[in-house]
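Reckoned from all heavy atoms, side chains included, excluding hydrogens, waters and symmetry mates.
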Amino acid sequence: MHKKVAMKRKRLIFPFFLFFLIVGVSHEPYSLTVSGVNEGSRQLPPDEFLSVLDRKAIGWTEQDKLDLAFTIWKEAPKLRIPKNDPDFQTGKDEVSLLLAIIHVESRFNKSAKSRKGAIGLMQIQRKTAQWIAEEFQMDVAYQDLENPEVNVSLAVAYLNYLIGKTGSVQKGLLAYNAGLQGFRKWGGVPKYSKDVKRETKRVSVELLKTIL
């Protein structure tokens with residue numbers, strides 16, 4: 001199965017370029033359906049994306065990296081970047097933005113735990129996870145925050161909520177880091193949103209460099 005997946009990944013360089021051309025219209029990532037991977041039909045992200053993930057998820061097994069790739073590729077289109085956002089572009093930055101947040105929050109350590117009790121790739125607290133799952137009626141095991149799929153799906157829902165409340169991705173990121181009340185009270189930590197923005201642009205360049 002790994003050999004078959006590897007062969008299909010090599011054929012995706014040109015389709016990945018088409019993804020950046022058409023996603024602004026369709027908002028659906030270009031991908032292939034691969035049957036038999038983890039007992040189901042799943043979408044295989046482009047080779048360039050998997051290569052970036054190979055460099056970031058150090059120490060992960062190949063299967064775990066592939067699982068994370070599927071999760072990010074599935075969740076990224078759900079991010080609601082406002083049209084005409086001055087810092088992030090709808091239909092282009094969703095995948096890079098998720099990778100950037102994971103990098104800044106946990107350096108791709110799915111077992112990461114902060115002093116304040118935040119857990120996993122995107123550093124979510126258990127109380128926050130429970131609130132997200134209940135508020136948005138998500139059928140996820142919110143207690144299992146070290147599970148990348150659970151962690152990322154909850155974080156995307158939460159970030160969308162914060163973007164809606166604050167009006168932009170940058171402000172939503174500040175609220176994600178400081179909490180909504182903390183953001184409203186003192187504005188959050190500017191360095192955090194700047195770090196995420198910088199990493200988003202860097203990842204975007206990595207994703208495109210093989211076709212430029």
By side-chain contact (heavy atoms from CB on, under 4.5 Å) - contacts of Asp64 (at least two apart) =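 side-chain contact (heavy atoms from CB on, under 4.5 Å) check on Asp64 returns Trp60, Thr61, Asp67, Lys110.
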
Please name all residues satisfying side-chain contact (heavy atoms from CB on, under 4.5 Å) with Lys197, sequence neighbours left out, ordered by chain then number.
->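 Here the qualifying residues are Asp87, Phe88, Lys201.
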
Considering all heavy atoms of both residues, which atom of Glu94 and which atom of Gly91 are nearest to each other, and what is their separation?
->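 So the two residues come closest at OE2-N, 2.9 Å.
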
Quick one: does Tyr161's side chain get under 4.5 Å of Ile132's, heavy atoms only?
->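 No - every pair of side-chain heavy atoms lies 4.5 Å or more apart.
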
Heavy-atom distance under 4.5 Å between the side chains of Arg126 and Leu145, does that happen here?
->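 Yes, side chains in contact.
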
Residues in salt bridge (charged side-chain N to carboxylate O under 4.0 Å, His left out) contact with [X], at least two apart in sequence or another chain:
X	answer
Lys127	none
Arg202	Glu199, Glu206
Glu75	Lys78
Asp144	none

Any donor-acceptor pair under 3.5 Å linking the side chain of Trp73 with the backbone of Ala69?
->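 No, the answer is negative, given that no donor and acceptor are paired below the 3.5 Å cut-off.
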
Check for me, please, whether [X] and [Y] land in the same ILVMFWY cluster - side-chain distances under 4.5 Å, paths through other members count.
X	Y	result
Leu53	Met122	yes
Leu174	Leu162	no
Leu79	Tyr176	yes
Leu154	Ile72	yes

Ser111 and Glu146: side chain to side chain donor-acceptor pair (under 3.5 Å), yes or no, with the steps?
-> CA-CA 5 Å; Ser111 299; Glu146 290 189 21; 3.3 Å; yes

Parallel, tilted or perpendicular: rings of Trp131 and Tyr158 (30°, 60°) |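 Perpendicular.
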
If you measure from CD1 on Ile101 to OH on Tyr192, what distance do you get to the nearest 0.5 Å?
->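 The distance works out to 5.5 Å.
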
Check the pair Glu62, Asp54 against side chain to side chain contact (heavy atoms under 4.5 Å, CB included), reporting the backbone distance first and the verdict last.
-> CA-CA 8 Å; Glu62 289 301 314; Asp54 280 341; 4.2 Å; yes

Reference residue Leu173; test side-chain contact (heavy atoms from CB on, under 4.5 Å); the match among Val104, Asp195, Leu159 |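 Going through the options one by one, the only one that passes is Leu159.
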
Lys56, NZ: over 12 other non-hydrogen atoms inside 6.0 angstrom |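 Yes, the 6.0 Å shell around NZ holds more than 12 heavy atoms from other groups.
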
